[in-house]
J.: 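Dropping the structure in here first, questions after.
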Amino acid sequence: MEIKTQDYQIWYTEETSTITCQGRLRLAGLEEYQPMIQFLDDILNSQPALLILDLAGLDFLNSSGINVFLKFVLKVRQQKTTQLTVLGSSKVPWQGKSLKNFQRLMPELKLEFK
Amino acid sequence: MNQVFGDFSEDLPVSQEGLTIAFSPISLPLKQRWQTNGLSADFMADYFAVFFPGNNSSVTESDTAEVKSAVSFIANELIENAMKFNDERSPYPISISLRMHSDRLVFQATNSVNPNMLDSFHNYIDQLTTLDPNELYIQLMEADESGGMVSSGLGLLTMMTDYLAKLGWKFETINTDPRIILVTTMVQLMI
């Protein structure tokens, strides 16, 4: 499973239960994010016990994109069956500022910076 | 009639250093224009990064990267909002400017706003200026989860919570028939 464009790529590696998202994401509102929302929902619906969301290579994310990932975190929280780890990079400034909000929404989420 | 909300500073000293990008909302369909948002925001960020660290030797490379990233995020959100909420009946240009002061960067984005949207806009500004932004952030996301609201206000709120920016708004009625209202959003980022 993957979505690949010139600006960003997102794919799922089932063996490691890892969703990797890279590039620069600034789509216009939730409508344009719909394929990605569906992509994330499909993975969550398979009820993995562990899930790693690797955003370390995501250089830019607009607020609509932040909204998409925060909503995903809320769905994981509601589902209660998946342990979620979010991987960020200390070299990407927006991540140091904004990823902590993921954990504020879901305190049991593991947040790691590489 | 003018109305001002939040931290809208009209008496800032004149800054000689700045950039303004302006465009017509009707010359190109919004969908086609969207890709220019990122170009404009990144250009502003790259341009102002040249001024850091400047003469201040305590400013490190990573501070420069922080400023660049903040400018890129804030400028992009302001342009996206200006395009999303622009009154489509109005030919008035949309603009964003960024001016550098000794202790802060000041963004101003101007667009016309549909008079029918004013009430919900004012309500949101009221929340942003009176509630604790960190609590509001969680409240909005939780409300969103239950399908309560469409949170297009997350960009402005993120500027406050994650970038500690100060926000203000000025509404100006520039024409009464038809009623055309301009809103200028001011974002002050301390540096």
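So that the names make sense, note that chain A is the first sequence line, chain B the second, and so on, each numbered from 1. Every value quoted in this text rests on a predicted model; they were computed, and no experiment measured them.
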J.: Within residues 99-114 of chain A, which residues come under 4.5 Å of chain B, heavy atom to heavy atom?
T.: A:K100, A:N101, A:R104, A:L105
J.: Which residue out of A:V92, A:I66, A:N62 racks up the most heavy-atom pairs below 4.5 Å with chain B?
T.: A:N62
J.: Enumerate by number any residue of residues 159-181 of chain B whose heavy atoms lie under 4.5 Å from heavy atoms of chain A; in the absence of such residues, state 'none'.
T.: B:D162, B:Y163
J.: Applying a criterion of heavy atom separation less than 4.5 Å, what residues of residues 69-76 of chain B form contacts with chain A?
T.: B:S69, B:S72, B:F73, B:N76
J.: Let's go through B:Q188 and B:D7 carefully: what are the C-alpha distance in whole Å and the side-chain angles of both, what is the deciding distance for side chain to side chain donor-acceptor pair (under 3.5 Å) to 0.1 Å, and is it a yes or a no?
T.: CA-CA 8 Å; B:Q188 300 182 58; B:D7 288 303; 5.8 Å; no
J.: Any side-chain donor-acceptor pair under 3.5 Å between A:D42 and A:Q38?
T.: yes
J.: Using non-hydrogen atoms only, which part of B:D42 is less than 4.5 Å away from chain A: side chain, backbone, both, or neither?
T.: side chain
J.: Mind checking whether B:M44 and B:F51 sit in one hydrophobic cluster, side chains of I, L, V, M, F, W, Y counted as touching below 4.5 Å?
T.: yes
J.: Do A:V68 and A:L40 come close enough that some side-chain heavy atom pair is under 4.5 Å?
T.: yes
J.: Could I get the full list of salt bridge (Lys or Arg N to Asp or Glu O under 4.0 Å) partners for B:K31, not counting sequence neighbours?
T.: A:E32
J.: Flag the pair A:K71 / A:I37 as yes when at least one side-chain heavy-atom distance between them is below 4.5 Å, and no otherwise.
T.: no
J.: Same hydrophobic cluster for B:V4 and B:V187, using side-chain heavy-atom links shorter than 4.5 Å among ILVMFWY?
T.: no
J.: Using side-chain contact (heavy atoms from CB on, under 4.5 Å) as the criterion, point out the one residue from A:T82, A:T85, A:V86 that pairs with A:L51.
T.: A:T82
J.: Is there a side-chain contact between B:P115 and B:R89 in this structure, where contact means two heavy atoms from C-beta onward sitting under 4.5 Å apart?
T.: yes
J.: Identify which part of B:E77 has an atom lying under 4.5 Å from any heavy atom of chain A, answering side chain, backbone, both or neither.
T.: side chain
